[in-house]
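Everything below concerns the one structure shown next.
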Amino acid sequence: MLTLIRNAAVYAPQFLGLRDVLFCEAKVLKIAPVIDLKHADLVTIIEANGRPLIPGLVDPLVHITGGGGEGGYHTRTPEMQLTDASLAGVTTLVAALGTDAISRSLNELVVKAKALTYEGLSVFCYTGSYEYPVKTLTGDITQDLVLIDNVIGVGEIAIADHRGSQLTVPELARVAAQSRVGGMLSGKGGIVFVHVGDGATGIQILHHIAQQSDIPLTQFYPTHMNRSQQLLEQGLEFARQGGVIDFTTSTNTQYLNEGEVEVVNAVHFAISQGVNLSQISLSSDGNASLPIFSSDGECIGIEMGKVSSLFEALMALINSGLPLEKVLPLVTSNAARVLKLKTKGGISETHDADFVLLTDNFNIDKVWSKGQLLVDEGNALKWGTFESCNPPLKSECFK
């Protein structure tokens with residue numbers, strides 16, 4: 001079925017002006033100031049009336065099978081559901097394990113990613129977890145990237161964190177080399193997505209690898225770089241040297257009280273330091289645990305990250321006075337570029353039909369993912385298989 005969005009203020013993410021956008025299923029057919037159709041009765045027409053049309057958001061870190069467990073068995077967080085993403089305008093995401101690679105598995109991660117893709121999203125995976133040696137699906141990092149269609153890199157491997165494996169330079173360099181070759185052979189990003197904890201060493205090991213091996217800094221994609229002011233400043237230097245860094249949008253009061261830099265403040269600080277925002281992305285860390293540790297490292301509480309924090313951070317940046325065109329790449333094209341998701345994060349005839357139509361007040365009105373309307377007037381049109389059906393497998397769930 002053809003769909004025509006008329007008279008939208010298109011941010012691709014750069015502002016294109018008022019445009020009509022014609023698409024059929026996942027393919028964008030034409031973008032032009034005016035698109036006249038001879039058989040308009042065969043087309044679904046959406047009147048945007050000058051409202052913003054933006055790309056579906058790209059989230060480079062979500063724990064779709066849940067995370068956590070640092071406080072015991074009962075603190076494992078639940079799986080992500082379709083509408084956790086769709087209602088927040090997120091149409092593309094990358095899934096990771098995290099601390100727990102025992103009760104959570106890569107098999108489970110890949111299958112859950114395929115389930116969410118079937119339900120309407122575009123979901124990719126990192127092989128591995130916090131730990132080293134890296135757990136894989138095939139027994140080898142390079143083989144995972146080459147042979148598993150939705151595996152695009154390694155992550156989130158942990159450094160500067162008491163939950164990590166305390167990696168040495170040669171160990172992490174070897175991981176990066178294997179991921180790099182896997183990416184080259186498969187045409188994928190092959191990025192090493194790095195969890196950076198609050199340890200004093202920060203991202204020093206990434207610089208050591210670049211200095212002592214043939215692996216460039218750009219092979220690494222460190223996240224949680226707004227964890228502290230010190231780490232933020234390290235991250236900005238990493239960005240000046242050509243790397244892309246990631247800020248986390250899910251947080252809690254204790255993290256902020258302990259020195260985490262709120263995303264809005266981190267972005268403004270980056271601008272004040274002359275860092276190009278094309279070198280920064282945001283991720284939600286959705287469904288991750290947000291453990292609260294005592295001074296001696298004991299987990300004394302736990303909260304959960306939310307995919308919706310990504311869109312909330314975008315709105316907070318706009319409300320802070322930054323233009324939509326300036327900050328939109330932080331949640332769309334920047335992550336898509338570094339991960340080599342070439343059909344994601346933009347609006348053009350070479351991108352998938354992933355769109356979010358906003359209201360005049362910048363709330364979410366409609367969400368299309370691969371051309372399928374998932375959200376209309378801010379309400380879910382499609383739910384995950386087990387989200388709302390009773391009995392859960394009746395035929396309506398699969399329409």
Side-chain angles (χ1 to χ4, degrees), residues 1-35 43-46 48 51-60 62 85-86 88-94 113 116-125 149-150 152-153 183 186-189 191 221 244 277-278 280-283 307 310-311 314 324-358 364-375:
M1 185 69 182
L2 289 168
T3 301
L4 176 63
I5 304 174
R6 275 184 174 161
N7 198 36
V10 175
Y11 292 81
Q14 72 277 13
F15 183 54
L16 301 183
L18 294 177
R19 294 289 187 272
D20 290 357
V21 178
L22 179 68
F23 60 97
C24 181
E25 297 183 342
K27 184 172 178 56
V28 178
L29 302 177
K30 188 175 182 180
I31 300 172
V34 177
I35 298 175
V43 180
T44 298
I45 297 178
I46 307 295
R51 291 177 289 143
L53 183 73
I54 65 174
L57 273 55
V58 178
D59 193 336
V62 181
S86 63
V90 176
T91 57
T92 300
L93 52 92
V94 189
L116 288 167
T117 298
Y118 176 87
E119 291 174 346
L121 304 175
S122 295
V123 186
F124 304 90
C125 300
D149 58 351
N150 57 354
I152 62 171
S186 61
K188 299 174 182 177
I191 287 295
Y221 190 5
V244 175
L277 292 189
S278 66
I280 299 172
S281 70
L282 308 183
S283 65
V307 179
L310 193 65
F311 183 79
L314 175 64
L324 174 60
E325 183 177 14
K326 188 177 183 70
V327 296
L328 188 55
L330 298 174
V331 294
T332 55
S333 58
N334 290 352
R337 184 186 76 250
V338 70
L339 295 170
K340 292 189 179 179
L341 302 177
K342 297 179 182 178
T343 64
K344 302 298 181 181
I347 299 177
S348 76
E349 293 173 13
T350 62
H351 285 85
D352 291 340
D354 300 337
F355 312 124
V356 179
L357 182 63
L358 302 176
I364 291 175
D365 177 9
K366 303 179 192 299
V367 177
W368 290 268
S369 180
K370 294 175 289 188
Q372 182 180 9
L373 185 62
L374 299 181
V375 175

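Note: Leu373 CG to Ile46 CD1 = 7.0 Å, rounded to the nearest 0.5 Å. Atom-to-atom distance recorded for Leu358:CG and Ile364:CD1 is 7.0 Å, nearest 0.5 angstrom. Phe355 contributes atom CZ, which lies 9.0 Å from atom OG1 of Thr3 (distance to the nearest 0.5 angstrom). Distance check: Phe124 CZ to Asp149 CG gives 9.0 Å after rounding to the nearest 0.5 Å. Between the CD1 atom in Ile5 and the CD1 atom in Ile45 there is a gap of 11.5 Å [rounded to 0.5 Å]. Distance CZ/Arg6 to CG/Leu18: 14.0 Å, rounded to 0.5 Å.
Residues Leu57 and Ala88 share a closest heavy-atom pair of CD2-O, 4.1 Å. In terms of heavy-atom proximity, Pro13 sits nearest to Pro55 at N-CG, 4.4 Å. Annotation for Tyr221 and Pro60: closest pair OH-CG, 3.7 Å, computed over non-hydrogen atoms. Across all their heavy atoms, Val307 and Ala85 have their closest contact at CG1-CA, 4.0 Å. The two residues Val58 and Lys344 make their nearest non-hydrogen contact at CG2-CB, 4.3 Å. Between Ser369 and Leu374, the closest heavy-atom pair is CB-CD1, 3.6 Å.
Under a 3.5 Å cut-off, the side chain of Lys370 and the backbone N or O of Leu121 do form a donor-acceptor pair. With Ser281 contributing its side chain and Asn334 its backbone, the two residues share no donor-acceptor pair below 3.5 Å.
Evaluation of the salt bridge (charged side-chain N to carboxylate O under 4.0 Å, His left out) rule for Asp20 yields no partner, not counting sequence neighbours. In this view, Thr343 and Asp352 satisfy the side chain to side chain donor-acceptor pair (under 3.5 Å) rule, not counting sequence neighbours. Taking Asp59 as the reference, nothing meets the salt bridge (charged side-chain N to carboxylate O under 4.0 Å, His left out) condition, with sequence neighbours excluded. Evaluation of the ring pair (Phe, Tyr, Trp, His ring centres under 6.0 Å) rule for Phe311 yields no partner, not counting sequence neighbours.
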Exercise for the section: In sequence, state the C-alpha distance, the side-chain angles, and the governing distance for Asn150 and Val123, and then conclude on side chain to side chain contact (heavy atoms under 4.5 Å, CB included). Expected result: CA-CA 7 Å; Asn150 57 354; Val123 186; over 6 Å; no
Problem - Step-by-step side chain to side chain contact (heavy atoms under 4.5 Å, CB included) determination, Leu324 to Ile54 - result: CA-CA 10 Å; Leu324 174 60; Ile54 65 174; 4.1 Å; yes
Practice task
Could you check Leu314 against Leu328 for side chain to side chain contact (heavy atoms under 4.5 Å, CB included), going step by step and ending with a plain yes or no?
Solution key: CA-CA 7 Å; Leu314 175 64; Leu328 188 55; 4.1 Å; yes
Practice task
Decide side chain to side chain contact (heavy atoms under 4.5 Å, CB included) for Ile191 and Val244; before the verdict, give the C-alpha distance in whole Å, the side-chain angles of both, and the deciding distance to 0.1 Å.
Solution key: CA-CA 11 Å; Ile191 287 295; Val244 175; over 6 Å; no
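Listed by first then second residue, pairs satisfying salt bridge (charged side-chain N to carboxylate O under 4.0 Å, His left out) with a partner in residues 22-34 number zero, not counting sequence neighbours. Under the salt bridge (charged side-chain N to carboxylate O under 4.0 Å, His left out) criterion, no residue pair touches residues 324-340, with sequence neighbours excluded.
No side-chain N or O of Tyr11 forms a donor-acceptor pair with one of Thr332 less than 3.5 Å apart.
Within the 4.5 Å cutoff, the side chain of Ile347 has no heavy atoms near those of the Val28 side chain.
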